[in-house]
Participant: 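My questions will all concern the structure given below.
Whatever order the structure lists them in is the order used to number ligands and atoms, beginning at 1. We use all heavy atoms of the structure for the numbers below, so side chains are in, but hydrogens, waters and symmetry mates are not.
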Amino acid sequence: MELTNRTIKELQKEDKAEVLSACLNRIREVEPKLHAFVTHAPLQSAGQAHDKNPNTQYAIHNTAKGQSPLAGIPVGIKDVICTRNMRTTASAKMLDSFIPPYDATVVKKLKEAGAIVVGKNNCDAWAHGSSTENSDYGVTPNPWDLARVSGGSSGGSAAAVAAGEIPYSIGTDTGGSIRQPAAFCGVVGLKPTYGRVSRYGLIAMGSSLDCPGPITKTVEDAVMVMNVIAGPDERDATTLKNLYVSHTPGEKIPPHLESEEMKRINFEFTKDLNKDIKGLKIGVPKEYFGLGLFDEVGEVFKQSLLTFEKMGAEVIEISLPHTEYALAAYYVIMTAETSSNLGRYDGVKYGFSAKDSKDLIDSYFKTRDEGFGDEAKRRIMLGTYVLSSGYYDAYYLKAAKVRRLVYEDFLKAYEKVDVILTPTAPTPAFKIGEKADPVSMYLADVFTVPVSLAGLPAISIPAGFSPDKLPIGVQIIGPHFEEAKILNVAHKFEKETAGEEWRKFKPVI
Ligand code: GLN
């Protein structure tokens, strides 16, 4: 098998210089059509990755005992995540020339583990969107059908992994941006619990929702990445304090972290991966079936339920009664936070600055008018409106209350079931240009947004294909900080279906 088709796990025994060369060759081969990267690291060949420039790259390691399994493995980083001395644009013209002086915590941790950052993956500008069509650097098409979108906003990350350019990428998920493109491109995408992975160094979208996480080929690979990137960070006050993630198998947990509560959430993600799921209670929310679900997605979802039942799991219908209000609440809360986060782009501090302005006020207006695209402007206007003094109670406060109800729906459901299973998106990848009106685009997130509002962990895994060979994903949602549980359920499904015909399908690119 080609090196570029392999998983992180399979690459452990390979020569890492050869792995990097294979990835760089694959990138050169497909990028003219795929355009999954906005910026490439200055690596023409494997030799150049050897610590010549300590600011951009770390030395290639061949995996040795006790070393991270990510050592020497190439990775792509979504372009909303800061990389020291490597241009970071958020796929937005406003930041075209921005070179961060620091690494985001996730990037720092990856580099310390020996990962090789090969470049920055394309996405919707500022992570606003569900198709990567909003990128100021052009769309990333779907590797399974180049006339269709790769999903979004982490479309470049998912497409690059599916096309074999890189074995994994780090995306961000605010309302579905890891899970939905993973489903569209036939790869695995994990949105961790809010607070599990540090947001330090992310170009913020909705600060109470943003979660960085892995996009990989398999569930096992997602586990390996989580073992490196998760954990508390003094630079992000919302990371769970005292959360202890062991990086070394067999390492003893410090005594002060051995309380029952801590035991529940302190684990190495690998621990329960192969646990039997016999008797596992899987909840299926009845509300999810009225929300524009395409037949072919419903069909794959039904098949996946049968697979779980065959493995001894029990499928139980549940109700999440506030589901229908989740999308509206999300678009109030997220735009409010977005309008605030985008307030800093004034043409003075960093990034794009408009030419020929009369005075400072004129410069602010021109910079924001020329620097932001339509979608960012739409969200800034909506967010500013819902936060304005006359409307704050009617919109923002109301949405915050709805968010709480959505959250409580899930908590109630978890009294009866262990995990919740839904389709990841209502449709397979749609055609480029098909969803011209913003509201139809927003509906692509109906199944992922409630999970984001509740801050829960969820994973999208490939579950089958539509009759015209487009990948379809299912989403497994867990209780807070129970990533190990959903990774276990996802891994069992992956193993059970490993021999199925659709697993042999290959992208067209
Ligand atoms: N598609 C959703 C939006 O446009 C989610 C984006 C995201 O998760 N970054 O808001």
Participant: Counting N and O atoms only, with roles assigned by atom type, does the side chain of Asp346 sit under 3.5 Å from a partner on the main chain of Tyr364, one being a donor and the other an acceptor?
Facilitator: no
Participant: I need the contact residues for ligand 1: any residue with a non-hydrogen atom closer than 4.0 Å to the ligand, ordered by chain then number.
Facilitator: Ala127, His128, Gly129, Ser130, Ser153, Asp173, Thr174, Gly175, Gly176, Ser177, Met205, Tyr330, Tyr331, Met334, Arg379, Asp445
Participant: Salt bridge or not between Lys108 and Glu112? Use side-chain N to carboxylate O under 4.0 Å.
Facilitator: yes
Participant: Taking Glu165 first and then Arg26, would you say they form a salt bridge - that is, a charged N and a carboxylate O separated by under 4.0 Å?
Facilitator: no
Participant: Which residues pass the ring-ring contact (aromatic ring centres under 6.0 Å, His included) test with Phe352, sequence neighbours left out?
Facilitator: none
Participant: Less than 6.0 angstrom separating the ring centers of Phe430 and Phe184, yes or no?
Facilitator: yes
Participant: Tell me which one of Asn122, Asp79, Asn121, Thr132 satisfies side chain to side chain donor-acceptor pair (under 3.5 Å) with Ser91.
Facilitator: Asn122
